[in-house]
Number of protein chains: 2
Amino acid sequence: MSLNGIFPIDQWDFQSRSILMELSDADQARLMMHAREEHYQKGDVIFREGAMATGIYFIQSGMVKKYKIGNEGQEHIFYVAGAGEFIGYHAVLADECYPDAAAALEESVLSYIPAADFLEVITTSPNLSKMLLKVLSHEFTVFTNNVSAFAQRPVKERIAIALIILREKFKRSVADGQPVLIRVSRDDIANMAGTTRENVARTLTEFRQEGILSTHGRKIEVTDIRRLADISNFPD
Amino acid sequence: MSLNGIFPIDQWDFQSRSILMELSDADQARLMMHAREEHYQKGDVIFREGAMATGIYFIQSGMVKKYKIGNEGQEHIFYVAGAGEFIGYHAVLADECYPDAAAALEESVLSYIPAADFLEVITTSPNLSKMLLKVLSHEFTVFTNNVSAFAQRPVKERIAIALIILREKFKRSVADGQPVLIRVSRDDIANMAGTTRENVARTLTEFRQEGILSTHGRKIEVTDIRRLADISNFPD
DNA sequence: TAGTAAATTTGATTTTTATCACATCTCTAA
DNA sequence: TTAGAGATGTGATAAAAATCAAATTTACTA
C-alpha cells in the first residue's frame with residue numbers, strides 16, 4: 001500500500017538521495033575520489049554535536065538517526081536517514097560545527113568524503129550546486145512541518161507520524177510485497193515523537209487493539225496504514 | 001546589554017541579511033532590476049501556504065512573521081524576519097509551492113523580485129550560489145534548535161526564548177541605548193511559543209513580578225535579559 | 001535451553017498545560 | 001474625552017502528558 005493520496009511523505013523526507021543520482025559520472029568519481037568506507041554497529045556514534053566538520057558521509061547501507069541531546073540528556077531524533085542519503089553536509093557548507101549528532105540505528109556502511117573534495121565538486125559543478133540548493137530548500141519544508149507538528153499536535157498524532165516515517169524508511173530494505181517490520185526501540189520512537197517510552201507503549205497497545213498494527217516481539221508491522229494516516233491528521 | 005555569552009542568538013537567526021551585502025554591485029543591480037516595491041499594513045498577508053511561488057521578497061523595512069496554519073486553524077509562527085532579510089526563496093529554489101505563509105507584523109515595505117531574475121543571478125553568480133548554500137545550511141541549525149525546543153522544553157522556557165528573539169528583532173529598529181519595546185500581541189507570542197495566550201499572560205505576570213521585564217500598556221520591555229537567558233536554559 | 005539483563009508494558013499518581021468563564025485594561029475612533 | 005470593541009489578565013477546572021513503581025516479556029548468552 002502506497003502513501004499516495006493519504007499522507008504527504010515527501011514533506012517529511014529530505015530527499016538528499018536524489019543528489020548523487022543526478023550527478024555526472026565524472027563528478028561522482030571526483031566526489032568519491034578519496035572516499036573511505038566506514039562500518040558502524042547499531043548504536044555507534046558517527047559524529048557528535050559541536051564537533052568540527054571535516055567531511056560529509058554517504059550512507060551505502062543501513063539507517064542513521066540524526067539527533068540532538070537536550071539539557072537534561074534527553075535525546076531528540078529529528079530525522080532518520082537511509083541508504084543513498086548524505087549526512088553532515090550542512091555543517092561543511094555553513095562552515096560551522098555539526099549542529100547535531102548522528103548514530104547508526106542498525107549495522108551501517110558509510111562512505112566518508114573529505115570536505116575538500118565535496119567543496120571542490122561544488123565549485124566546479126554548477127549542477128551539484130543547483131541540486132544542493134534544491135535539496136536544502138526542500139528541507140525547509142520538512143522542518144516547518146516538523147516544528148509545527150511538535151508545537152501543536154498531540155502525542156498520539158506525533159507517534160502516528162513517527163510510525164509512518166519509520167515504516168517508509170524500513171520499506172526500502174524489504175522486497176516488494178513482503179511485510180515491513182519496523183525494528184526500532186520504543187525509546188527511539190519516543191525520542192522521535194518527543195514523548196516518553198511509556199506513552200509510546202500505551203499508544204502502540206491502543207493501535208494494536210484497533211487493528212492498526214501488530215507486534216512480533218519488539219518488531220512493529222503496520223497493518224492499516226490508511227487508518228494510521230487518518231490519525232496523523234494530515235489533510236493530504 | 002548584548003547577548004554575547006549568555007544566549008546563542010545566531011542559532012535562532014537565519015542570517016539571510018548577509019546575502020545582499022556580500023553581493024557585488026552589478027549582481028545587486030541585476031537582482032533588483034525588475035523589483036517592485038510593495039507596502040503592507042500590520043496583519044496583511046504577503047503570501048499564503050500552498051500558493052505558487054513566482055518570486056522572492058526583500059524586506060526594506062518593517063517586520064514579517066512566517067507561519068503555518070494547523071488543522072484546527074491555530075497559527076504557528078516559526079520565524080520573524082526583519083529589515084534586510086529575504087523571504088520566499090525556499091519555494092523558488094525547490095520549485096515548490098510556498099510551504100508556509102508570511103504576513104506583516106507591523107507596517108512594512110518589501111521589494112518583490114521575480115523568480116526569473118533571482119534564478120538568473122544564481123546561475124551567473126557563483127558567489128550568490130555559495131552564499132545561499134551557506135545561509136540555507138545555517139537555517140538547518142536554526143531549525144534543529146527550534147524542533148528540539150518544541151519537542152522537549154516546557155512552555156516557560158519557550159516563552160523566554162520567544163521574548164529573547166523578539167527583543168533582538170525589535171532592537172534593530174531602536175537607537176542604541178534606547179529601551180527596546182516589544183510590540184507584539186500576546187496571541188503572536190503564544191503562536192511563537194506554541195502555547196495559549198492565557199499561558200503567555202500568566203508567564204508575563206510571573207516575569208514582571210520577578211523583575212525580568214516591565215510592561216507599558218501592551219508593550220514589553222525586558223529589563224533583565226540575563227535572567228531571561230537563564231530561564232531559557234541554554235548552555236551558551 | 002535455561003538464566004538473565006534489558007526492554008517493554010501496565011497501572012497509579014503527579015505535574016503540566018489547555019480550556020472555560022469572566023473581569024479588567026488599552027487603544028482607537030467618533 | 002469617552003464609549004466600546006478588542007486585547008489582556010486571572011481564577012477555577014479539565015485534559016493531556018510525564019513520572020513513578022512494578023510486572024511481564026523478549027532476546028541474548030552461557
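Side-chain atoms are counted along with the backbone in the values below, which use heavy atoms only and exclude waters and symmetry mates. A note on names: the letters A, B, ... follow the listed sequences, proteins ahead of strands, and every chain is numbered from 1. Bear in mind that the values here come from a model prediction, so they are computed numbers and not experimental data.
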Verdict with reasoning, A/Thr144 to B/Tyr79, per side chain to side chain donor-acceptor pair (under 3.5 Å):
CA-CA 10 Å; A/Thr144 56; B/Tyr79 192 70; over 6 Å; no
Between C/dA18 (C1') and B/Lys156 (NZ): distance, integer Å:
18 Å
Nearest whole Å is fine: how far is D/dT8 C1' from B/Asp187 CG?
9 Å
Which residue is it: A/Lys42, A/Lys65, A/Lys169? I am looking for the one with a salt bridge (Lys or Arg N to Asp or Glu O under 4.0 Å) to A/Asp188.
A/Lys65
Hydrogens and angles aside, do A/Glu106 and A/Tyr40 bring a side-chain donor and acceptor to less than 3.5 Å of each other?
no
Any salt bridge linking B/Glu49 with B/Lys66? Criterion: basic side-chain nitrogen under 4.0 Å from a carboxylate oxygen.
no
Between CG of B/Leu213 and C1' of D/dG9 the distance, given in whole Å, is 14 Å
B/Leu204 has a side chain; which of D/dA17, C/dA18, D/dG9 sits nearest to it?
D/dG9
Once rounded to the nearest 0.5 Å, what's the spacing between atom OG of B/Ser108 and atom OH of B/Tyr57?
13.0 Å
Interatomic distance, A/Arg153 CZ vs C/dT17 P [rounded to whole Å]:
20 Å
Is there a side-chain polar atom (N or O) of B/Thr195 under 4.0 Å from OP1 or OP2 of C/dA18?
yes
By the side-chain hydrogen bond (donor to acceptor under 3.5 Å, both in side chains) test, which pairs, at least two apart or in different chains, include something from residues 175-184 of chain A?
none
In terms of heavy-atom contacts, does CZ of B/Arg48 have more than 12 from other residues, nucleotides or ligands at under 6.0 Å?
no
Measure from CD on B/Glu72 to C1' on C/dA18 and round the result to the nearest Å.
14 Å
Identify which one of B/Lys68, B/Gln74, B/His76 satisfies the side-chain hydrogen bond (donor to acceptor under 3.5 Å, both in side chains) criterion when paired with A/Ser148.
B/His76
Locate the shortest heavy-atom distance separating B/Val155 from B/Thr195; write the atom from each residue and the value.
CG1-OG1, 3.8 Å
How would you summarise protein contacts on nucleotides 20-30 of chain C per nucleotide, using B for base, S for sugar-phosphate only and - for none, with heavy-atom distances below 4.0 Å?
B-----BS---
Terminal axes of the helix from C/dT1-D/dA30 to C/dA30-D/dT1 (5 end pairs apiece), angle rounded to 10 degrees, sit apart by 40°
Nearest-Å distance, CD (A/Gln152) to C1' (D/dA16)?
16 Å
Distance in angstrom units between A/His76 NE2 and D/dA18 P, rounded:
12 Å
With a 4.0 Å cut-off on heavy atoms, is B/Thr205 in touch with a base, just the backbone sugar-phosphate, or nothing at all?
sugar-phosphate
Base, sugar-phosphate or nothing for B/Arg158? Non-hydrogen atoms, less than 4.0 Å.
nothing
Taken to the nearest whole Å, CZ/B/Arg186 to P/D/dG9 is 5 Å
